[in-house]
Amino acid sequence: MIGGTIGTPSTVRLNSAEFQRIRDFILEACGINLSPPKRVLVESRLQRRLAQLQISSFTGYCDYVMTPTGMREELVHMIDALTTNKTDFFREPVHFRFLQEEVLPAWQHSSTSRPFRVWSAACSSGEEPYTLAMLLSDWEQDYPFQFRITATDISTRVLEKAVLGIYPERSIADVPMPLRRKYLLRSKDKDNPTVRLVPSLRSRVLFKRLNLMDKLLDVESDFDAIFCRNVLIYFDRHTQMQVLNKLCQKLRSGGYLFIGHSESVHDMQLPLRQIQPTIFQRR
């Protein structure tokens, strides 16, 4: 017990000063910019944490999470509660076509013998890195080729789901049928049909927790492709530039950066040249 008594979670309200305190803290901790209209969302999502910790006010919750113990034990749960993770298999398919039609053939004709390295930098529940794993595994069957996929996210909750590799059957609507047959196992539950990635594919993805706001990003360097899609929209412009500069440091010369279609690097001083609206190459 952290302290205090509490009724139902819905009885705890978040006032403007408490919201501002949480807003400043989350911005500094993980770069997420919670705009004023998000106050109701923050209140509703954190009420469950207050109930579980038996804390009677948002002020008390802030006091706790900002202590060394709270930073170590509660921050990850706070981030899990406040982050929205929406992704799909083969989301923004132009990126995967470019990978298949441009990047991999060029790699095949290069003289390098090292593995092709890809980083899914905001992988959410795993659909993006598993899409990459399906495509790269197919390429591997036709050409002498090795690859490694690193997948990271700030949320431990979605990473746990990603490691399991189990999804509702409706989520695979955009997965081509040949890939479904090769890489997906169907459940026998007709009331709640699910699919699971085959073990050989799950083993090709290394999942780990990572905060893009960390000063030093704990992943290898010289990636050939980095997918960081639909996460920059949660950052203010200064934080976007900080994150993009760190990503560029992890990208080899000639490697590719893929961002979301609602994101832009316009007027940012980055070592990138634009190939397509949301595809960039490291100079």
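Formation of a donor-acceptor pair under 3.5 Å by the R202 side chain with backbone atoms of L197 is found in this model. Under the 3.5 Å distance criterion, the side-chain polar atoms of S137 are left unmatched by any main-chain donor or acceptor of M134. Listed for the E43 side chain is a donor-acceptor partner under 3.5 Å among the backbone atoms of L14. For R157 (side chain) and D80 (main-chain N/O), a donor-acceptor pair under 3.5 Å exists by modelled atom type. The main-chain N or O of V219 is never found under 3.5 Å from a side-chain atom of K208 such that the two would form a donor-acceptor pair. With R148 contributing its side chain and W119 its backbone, the two residues share no donor-acceptor pair below 3.5 Å. The main-chain N or O of L185 is never found under 3.5 Å from a side-chain atom of R196 such that the two would form a donor-acceptor pair.
Scored by the side chain to side chain contact (heavy atoms under 4.5 Å, CB included) test, S253 finds no partners at all (sequence neighbours excluded).
For F207 and Y130, the distance between ring centers is under 6.0 angstrom.
Note on residues 163-177: pairs passing side chain to side chain donor-acceptor pair (under 3.5 Å), not counting sequence neighbours, are E169-R186.
Under the 3.5 Å distance criterion, with hydrogens and angles disregarded, no donor-acceptor pair is assigned to the side chains of N245 and Q249. Judged purely by distance below 3.5 Å, without hydrogens or angles, the side chains of Q276 and T278 never pair a donor atom with an acceptor atom. Defined by atom type and a distance below 3.5 Å, a donor-acceptor pair is present between the side-chain atoms of R49 and Q52.
Atom OG1 of residue T239 and atom CD1 of residue I32 lie 10.5 Å apart, to the nearest 0.5 angstrom. In this structure, CG on L135 lies 11.5 Å from CZ on R97, to the nearest 0.5 angstrom.
The hydrophobic cluster containing I79 also contains L217, counting ILVMFWY residues as joined when their side-chain heavy atoms lie under 4.5 angstrom apart, directly or transitively. Linking ILVMFWY residues whenever their side-chain heavy atoms come closer than 4.5 Å, directly or via other members, places L82 and M66 in the same cluster. Each of F258 and F235 belongs to its own hydrophobic cluster when Ile, Leu, Val, Met, Phe, Trp and Tyr are linked at side-chain heavy-atom distances under 4.5 angstrom. One hydrophobic cluster, built from ILVMFWY side chains closer than 4.5 Å, cannot hold both I154 and F227; they sit in different ones.
Within 6.0 Å of CG on D218 lie no more than 12 heavy atoms contributed by other residues, nucleotides or ligands. Residue Q274 qualifies as enclosed at atom CD: its count of foreign heavy atoms under 6.0 Å is above 12. Heavy-atom neighbours of R114 CZ from other residues, nucleotides or ligands within 6.0 Å: above the threshold of 12. Within 6.0 Å of the CD atom in Q141, the count of heavy atoms belonging to other residues, nucleotides or ligands exceeds 12.
Checked for salt-bridge contact, R21 and D63 meet the test: a charged N lies under 4.0 Å from a carboxylate O. Under a 4.0 Å N-O distance rule, the pair R117/E220 qualifies as a salt bridge.
Aromatic ring orientation, F58 versus Y61: perpendicular (interplanar angle above 60°, classes split at 30° and 60°). Ring-plane geometry between H261 and H95 is classed as parallel, the angle between the planes falling under 30 degrees on a 0 to 90 degree scale with a further cut at 60.
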